[in-house]
There are 4 protein chains.
Amino acid sequence: MGTAPAPDSPPTGKQPRTERGRRTLRRLLDAAAEEFGEKGFHEGSISGITQRAGVALGSFYTYFDSKDAIFRELVHDLSARVGSEARSALSGDLRPLEAEQAALTAFLTFARDHKEIYRIIDEAEFVDPASFRQHYETTAARIHERLRQGAREGELRDDLTEAHAWAIMGMNVFLGLKYAVLSDDKPVEDIAAIANSILQHGIGKTGTE
Amino acid sequence: MGTAPAPDSPPTGKQPRTERGRRTLRRLLDAAAEEFGEKGFHEGSISGITQRAGVALGSFYTYFDSKDAIFRELVHDLSARVGSEARSALSGDLRPLEAEQAALTAFLTFARDHKEIYRIIDEAEFVDPASFRQHYETTAARIHERLRQGAREGELRDDLTEAHAWAIMGMNVFLGLKYAVLSDDKPVEDIAAIANSILQHGIGKTGTE
Amino acid sequence: MGTAPAPDSPPTGKQPRTERGRRTLRRLLDAAAEEFGEKGFHEGSISGITQRAGVALGSFYTYFDSKDAIFRELVHDLSARVGSEARSALSGDLRPLEAEQAALTAFLTFARDHKEIYRIIDEAEFVDPASFRQHYETTAARIHERLRQGAREGELRDDLTEAHAWAIMGMNVFLGLKYAVLSDDKPVEDIAAIANSILQHGIGKTGTE
Amino acid sequence: MGTAPAPDSPPTGKQPRTERGRRTLRRLLDAAAEEFGEKGFHEGSISGITQRAGVALGSFYTYFDSKDAIFRELVHDLSARVGSEARSALSGDLRPLEAEQAALTAFLTFARDHKEIYRIIDEAEFVDPASFRQHYETTAARIHERLRQGAREGELRDDLTEAHAWAIMGMNVFLGLKYAVLSDDKPVEDIAAIANSILQHGIGKTGTE
DNA sequence: AATGAATGAGACTTCATTCAT
DNA sequence: CATGAATGAAGTCTCATTCAT
C-alpha cells in the first residue's frame with residue numbers, strides 16, 4: 001500500500017481463550033454494529049447490545065473495557081472492511097480512471113449493505129476523533145497514492161495533490177450518502193459513471209464525449 | 001436563487017416580548033453553538049449552555065422547550081447562514097465555473113470562522129434527520145440550479161444531474177473538512193482553485209490548460 | 001348554628017383596595033377552582049391559574065402569598081358554600097328525618113354542579129390537613145346538633161352520638177361520590193330517599209313500610 | 001365471594017430472579033407504603049423510598065418503571081389486603097347483620113394498623129383513577145352481594161340496591177377515618193356496634209331496643 | 001398594580017460500570 | 001466465564017417564587 005500510514009494495530013480487546021468465548025465476542029460485535037447503527041452511539045446502550053447478543057449484561061465487561069472500547073473496535077473494523085472492499089475491487093489490471101470508478105462502485109455496493117457505516121463513522125468524530133481522522137486520512141492517502149501512480153503511468157496530470165484526493169473522497173462519500181443511504185433505487189454503476197465523467201473531463205461544455 | 005424551496009419559516013420558539021428577553025435568547029443561541037460545537041449534541045449539556053450564556057439553568061426553558069428544540073433552531077440558523085453566505089458571494093455577474101469557485105471560497109471562509117458547523121450539521125443526521133436532509137437537499141438543489149443555468153448559457157454540459165450537484169457538494173464539504181476544520185493553514189483561494197481545476201477538465205492528462 | 005365551632009375567620013388574603021383589584025381576585029379564585037378541580041393541587045400550577053384568569057403570572061402574588069394560600073382559601077370557600085347550601089335547604093320547618101333528607105338532596109345537587117369539590121377537599125388532606133379536618137368536623141358537628149335537636153323533639157333516639165353523625169356524613173359523601181361524581185344519571189331525590197329509608201328503619205326485614 | 005369480579009392479576013413489575021432480588025423488591029414496597037402514607041404521592045419521593053428501604057436510588061428502577069408504577073402496585077396490594085381481611089372475618093356462619101358488623105370490625109382493626117391506606121387510596125383517585133374506582137366498585141359489589149344473600153335468607157329487606165351498598169360502605173369508611181385514623185382511642189367494637197344499630201332499625205325513636 | 005423574565009432547588013429517570021454469587 | 005442485582009453520578013425538565021421595569 002505504498003506510503004500508507006503504519007498499519008493500524010488492532011485495538012487490544014481482551015482475547016478470549018476458549019472457543020465459546022470467541023463466539024460470544026463476535027456476537028457482541030455484531031450486536032453492537034446493529035445497536036449503534038440503529039440508535040447511534042449515545043442512544044445505543046450496553047444493555048441493548050447484550051440483549052441483541054443474548055448474553056448477560058455483566059458479560060460485556062468480560063470482553064470490552066467500556067462502551068467506548070467496543071465502539072472503537074467497531075470503527076476500526078468497518079474502516080478496515082471498506083478498505084479491503086476497495087482493494088479487492090482493484091485487483092485486476094485497470095487504468096487509473098477505471099480504477100477510481102471500480103473503487104467507487106465497490107464502495108457504493110458495500111454502503112448499501114452496511115448503511116450503518118455512515119452513522120458509525122460520523123459519530124466517531126465525537127466519540128473517538130482519532131479513529132475518525134485516521135479513517136479519512138488513510139482513505140485519502142490511498143486515493144492520493146493511486147493518483148500519483150496514474151501520473152507515473154502518464155495517464156493522469158502530475159500536479160495532483162492531497163487536496164485532489166480529498167475532493168474525490170468527498171464526491172464518493174456524498175454520492176454514497178445520497179444514493180446508498182438516503183435512497184437506493186438507482187444502479188450503483190450509473191452513479192459511479194457520473195463521478196467518472198467528472199473526473200475525466202470536468203463539467204465544462206468543451207468536454208467532448 | 002431560482003427554484004430554491006420556499007424560505008423555511010423559523011422554528012417558532014417562544015418569542016420574547018421585551019428587549020432584555022431578546023438579548024437572553026441570542027446569548028443562549030450563541031452559547032449553544034459553542035457548546036454543541038465543542039462537545040457535540042449528546043455530550044453537550046443544557047447547564048453547559050446556560051453557564052456559557054451566563055444565565056440560570058431554568059432560564060433556558062423560558063425560550064426553548066427542550067434540548068432538541070434549541071438544536072433544531074441552531075441547525076436551521078446555521079443552514080440559513082451558509083446559504084446566505086454563498087448567495088452574497090454570487091451577487092456579481094460571474095461565469096458558471098467562476099460562480100462555483102466563488103461559492104466554495106465563501107463557504108471555506110465561513111467554515112473557518114464557524115468550525116462548529118460541521119459537528120452540528122453532522123449530528124443533525126441523528127438528532128433531527130429532517131433538518132439534516134433538508135439542509136443538504138436544499139444546498140444540492142441550489143448547486144443543481146446553477147449548473148442548469150450554466151448549461152442554458154452554453155457554458156456547461158447539459159446532461160448535468162442532481163448527482164453531479166451532490167458530487168460537487170461532497171467535494172466542497174470534504175475540502176472544508178480537511179482545510180477549514182482539521183487544519184486551516186492553506187489559503188482558501190488555493191483550495192477553491194483545485195476544486196475548480198477538477199470541474200474544468202477533470203484529472204486526466206489530456207486536460208491541458 | 002347552635003354549638004357549631006367558632007366561625008372560621010376567613011383566611012386573610014391581601015385585601016384589594018380598588019374595584020379592579022377585587023375583580024382580579026375573584027377571577028383568580030374561580031380560575032383556581034377550575035385548575036385544581038381538573039388537575040389536582042400538585043399537577044395544577046400557578047401559571048395555569050393565571051392563564052385561565054387572563055392575568056400575568058406575577059400578578060398572582062399581589063393577591064396570594066403562595067400556592068398553598070389560594071388553595072386554603074378555596075377549601076374554606078367551598079366548605080362554606082356546602083354548609084350554606086345545606087342551611088338554606090333547611091330553612092323551612094321540617095321534621096328531623098325530613099331535614100336530613102333535604103340536606104342530602106341539597107348536597108347532591110350542589111355536588112353535581114361542583115364536582116371539583118371532591119377533588120379539592122380530598123387533596124386538602126395532604127395540603128392543608130387542618131382545613132380538611134375542620135371541614136369534616138364542622139359538618140359532623142352540624143349533623144350531630146340536628147340529631148340532638150331531633151331527640152329533644154322526641155322524634156329521634158336520644159343516644160345518638162358523634163359517631164352516628166360521622167356515619168351519616170359518610171353515607172352522604174359516598175352517595176355523592178357514586179351518584180354525583182362518578183355517574184350522575186339518577187335523580188338526586190331517589191338517592192336521598194334511599195339514605196332516608198336506612199335512617200328510618202335500617203335494612204332489616206322487620207322494618208315495615 | 002359470590003359474584004365478585006375475577007381476581008385481578010397483579011401488575012407485572014419486573015420479576016426478580018434471585019432471592020436477594022425478592023428481598024429488595026419487598027423492602028421497596030414496604031418503604032413506599034410508608035413514604036406515600038406519610039407524605040402523599042406527590043410529596044413523597046423516590047429517593048425517600050429508597051432511603052427508607054436502604055438501597056441506592058437507581059435500584060428502584062430495577063423493579064419499577066416509574067413512581068406511578070409502584071404506586072399502582074401499592075394500591076392494588078392494599079386493596080387486595082383489605083378485601084382478604086374482610087373475607088376472613090366472615091368465615092364463620094353469621095347472620096347478615098352480624099356479618100356486616102364483623103366486616104366493619106375487621107376493617108377498623110386493619111385500618112388502625114395501616115392508617116396509610118386512607119391517604120393512599122384517596123390519592124389513587126387522581127394518580128390512578130382506574131384502581132381507585134375499581135377498589136370501591138369491588139368493595140361495594142361485595143357488600144351488595146351480602147345484602148342480597150341476606151334478603152334471600154329472609155333476614156333483610158329485599159329492595160336493597162347498589163346505592164344501599166355504597167351508603168354502608170360510606171358509613172364504614174368515614175367511621176374508619178374518624179375512629180381509626182384521626183383518633184383511635186375508642187374500641188373498634190363500640191364503633192361497629194353503632195353502625196350496626198343504624199342498620200338494624202335506623203335512628204328514629206320508634207326503633208325501640 | 002401589572003407584567004413577564006429570571007432564578008434555582010428539586011424531582012424523576014437513565015445507564016455505564018462494579019460486584020457478589 | 002456467566003449472571004443479574006446494585007450503585008450513584010449526571011442530565012433534563014418543572015415550577016413556585018422573586019425581581020426589575
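- For Thr62(B), taking side-chain heavy atoms from C-beta onward, the closest of the listed nucleotides dT7(E), dC13(F), dA1(E) is dT7(E).
- Phosphate proximity of dA2(E) to Thr24(C): present, with a side-chain N or O under 4.0 Å from OP1 or OP2.
- Rounded to whole angstrom, the span from the NE2 atom of His42(D) across to the P atom of dT14(F) amounts to 15 Å.
- Within the 4.0 angstrom heavy-atom criterion, base atoms lie near Ser59(B).
- At the heavy-atom level, Gly48(B) lies nowhere under 4.0 Å from the strands shown.
- The side chain of Ser45(C) contributes no N or O atom lying less than 4.0 Å from OP1 or OP2 of dT14(F).
- Counting only Watson-Crick and G-U wobble pairs whose two distances sit under 3.5 Å, DNA chain F takes part in these stems of three or more pairs: E:2-21 with F:2-21.
- Among the nucleotides dT3(E), dC12(E), dA6(F), the one closest to the side chain of Val55(C) is dT3(E).
- Between the CG atom of Leu57(B) and the P atom of dG10(E) there is a distance of 14 Å, given to the nearest Å.
- Two residues are said to be in side-chain contact when any heavy atoms from C-beta on lie closer than 4.5 Å; Phe64(D) and Leu29(D) meet this criterion.
- Within 4.0 Å (heavy atoms only), Gly54(B) reaches no atom of the nucleic acid at all.
- Rounded to an integer number of Å, the gap from Asp68(C) CG to dC15(F) P is 16 Å.
- Between Leu74(C) and Ile70(C) there is no side-chain heavy-atom pair separated by less than 4.5 Å.
- Among the heavy atoms of the strands lying under 4.0 Å from Tyr61(A) is at least one base atom, whether or not backbone atoms are also near.
- Side chains of His42(B) and Glu43(A): a donor on one and an acceptor on the other come within 3.5 Å.
- For Thr18(A) and dC1(F), the shortest distance from a side-chain N or O to OP1 or OP2 is below 4.0 Å.
- Computed from coordinates, the Glu35(B) CD to dT12(F) C1' distance equals 14 Å when rounded to whole Å.
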